Amino acid sequence: MIVKPSLRVAGRINIRTFATSVSCLNTGDKTHFGFKTVPTEQKEDLVRGVFSNVASNYDYMNDAMSMGIHRLWKDHFVRKLDPGRRPGGEPLSFLDVAGGTGDIAFRIMDHAARIHGDRESVMNVVDINAEMLGEGEKRSKTQSTYLVDPERITFKVQNAETLDAIADESQDIYTVAFGIRNFTNVQAALNTAYRVLKPGGVFACLEFSKVNNAVLDQVYGAYSFNVIPLMGQILVGDRDSYQYLVESIQRFPSQEEFAGMIQKAGFTLAGDCGYENLTFGIAAIHVGVKL
């Protein structure tokens, strides 16, 4: 869909107006976009619009909203996976889906190089949003925090539900961090993850989840709905995109429900239940293996 100029405000897509306009279309199947109900075929455009709006400020706002805790979660996520070619093994192929600005991809490549001396494995970063990928590609050539060879990283615009540029059984590790809740059809994306992984390959997801402490859940809910959209408005002049992001967290399945979806795709859950809660369940790591 081409977004009309009237749906843009100061260069950004007006998410509220765009969502209202597409929700008025009578196109059959419906899905959720935050708390709104929209035609299924329009959700990808809406999500792309959100991340076009936030691309340039994505990491800055993540730091502000989480007080930097998202960095600790991501570091733990990569350490848990322990990616990298082992001595005598073949170079690996990593796939980071909804990889945007490269946060997880850079961590994986850095870990592989520093911990396992792996300077041959390659990384594919995919996202539906070209602006987010542009930020990641730019960072891959300029950042100095991580040990990363930009020649071994490719950035591709791809829909996670199809991944039509990724061959069957071609990837060793599939990661997705804080992105899967935005997919139109999560089960289809999980099925595709199973398709592109090699036998023995690992699916790993880091995502916001359900808080397992009643008091903290109340506090977290109040912070999410009252503070985060306001921060978006004050810090980057975009309340609606961050309102959607908060609502998308609320709509995402519980840890147990999502683990069941991973199993349905064909994966064997890692550990006792397939997931690890972080910070009382504010986020969770889910891991499945393709046997």
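Worth saying up front: this structure is predicted, and the values here are computed from it rather than measured.
- Hydrophobic clustering of Ile, Leu, Val, Met, Phe, Trp and Tyr side chains at less than 4.5 Å, counting indirect connections, keeps Leu81 apart from Val97.
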For this session: Decide salt bridge (charged side-chain N to carboxylate O under 4.0 Å, His left out) for Arg85 and Glu120; before the verdict, give the C-alpha distance in whole Å, the side-chain angles of both, and the deciding distance to 0.1 Å.
Result: CA-CA 8 Å; Arg85 184 188 64 173; Glu120 295 185 46; 3.2 Å; yes
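- Contact annotation: the side chain of Val202 never approaches that of Leu197 to less than 4.5 Å [non-hydrogen atoms, C-beta and beyond].
- Hydrophobic clustering, with ILVMFWY side chains joined whenever heavy atoms are under 4.5 angstrom apart, keeps Ile180 apart from Phe178.
- For residues 193-207, the set of pairs meeting the side chain to side chain donor-acceptor pair (under 3.5 Å) definition, not counting sequence neighbours, comprises Asp168-Arg195, Asp172-Lys198, Arg181-Glu207.
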For this session: Give the C-alpha distance, both sets of side-chain angles, the deciding distance and a yes or no for side chain to side chain donor-acceptor pair (under 3.5 Å) between Gln171 and Ser93.
Result: CA-CA 5 Å; Gln171 305 301 306; Ser93 185; 2.8 Å; yes
Problem set entry | Verdict with reasoning, Phe208 to Phe252, per ring-ring contact (aromatic ring centres under 6.0 Å, His included) | CA-CA 8 Å; Phe208 290 110; Phe252 194 66; 9.7 Å; no
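- A donor atom on one side chain and an acceptor atom on the other are found under 3.5 Å apart for Tyr275 and Glu256.
- Cluster membership check: Leu235 shares its hydrophobic cluster with Tyr244, using side-chain heavy-atom separations under 4.5 Å among Ile, Leu, Val, Met, Phe, Trp and Tyr.
- His111 pairs by the ring pair (Phe, Tyr, Trp, His ring centres under 6.0 Å) definition with His116, not counting sequence neighbours.
- For Phe280, the CZ atom sits in a loose shell: 12 or fewer heavy atoms of surrounding residues, nucleotides or ligands are nearer than 6.0 Å.
- For the ring pair (Phe, Tyr, Trp, His ring centres under 6.0 Å) test, residues two or more places apart in sequence or in another chain that qualify with Phe225 are Phe35.
- The cluster map of Ile, Leu, Val, Met, Phe, Trp and Tyr, joined by side-chain heavy atoms under 4.5 Å apart, puts Leu133 and Phe183 in different clusters.
- Asp103 has a carboxylate O that lies under 4.0 Å from a charged side-chain N of Arg139, or vice versa, which qualifies the two as a salt bridge.
- Here Asn182 contributes atom CG and Lys43 contributes atom NZ; the two are 7.0 Å apart, rounded to the nearest 0.5 Å.
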For this session: Begin from the C-alpha positions of Gln255 and Asn277 and carry the test side chain to side chain donor-acceptor pair (under 3.5 Å) through to its verdict.
Result: CA-CA 8 Å; Gln255 290 89 322; Asn277 283 329; 2.8 Å; yes
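- The ring pair (Phe, Tyr, Trp, His ring centres under 6.0 Å) contacts involving residues 154-174 comprise Tyr174-Phe203, where partners must be two or more places apart or lie in separate chains.
- With values rounded to the nearest 0.5 angstrom, Leu190 atom CG is found 10.5 Å from His286 atom NE2.
- Residue pairs meeting the salt bridge (Lys or Arg N to Asp or Glu O under 4.0 Å) criterion with at least one partner in residues 271-281, sequence neighbours excluded, are Lys80-Glu276.
- Test Asp75, Asp96, Asp82 against Arg107 for salt bridge (charged side-chain N to carboxylate O under 4.0 Å, His left out) and you get one pass: Asp75.
- With hydrophobic clusters built from ILVMFWY side chains whose heavy atoms lie under 4.5 angstrom apart, Val126 does not share a cluster with Val122.
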Residues 257-271, side-chain donor-acceptor partners within the protein, below 3.5 Å, at least two apart:
| unit_1 | atom_1 | unit_2 | atom_2 | d |
| --- | --- | --- | --- | --- |
| Glu257 | OE1 | Ser254 | N | 2.9 |
| Glu257 | OE1 | Ser254 | OG | 3.3 |

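- Contact record, Leu206 with Ala283: CD1-CB, 4.4 Å, taken as the closest heavy-atom pair.
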For this session: Check the pair Ser121, Asp118 against side chain to side chain donor-acceptor pair (under 3.5 Å), reporting the backbone distance first and the verdict last.
Result: CA-CA 7 Å; Ser121 293; Asp118 178 3; 2.5 Å; yes
For this session: Carefully, step by step, assess Thr279 and Trp73 under the rule side chain to side chain donor-acceptor pair (under 3.5 Å).
Result: CA-CA 9 Å; Thr279 316; Trp73 291 337; 2.9 Å; yes
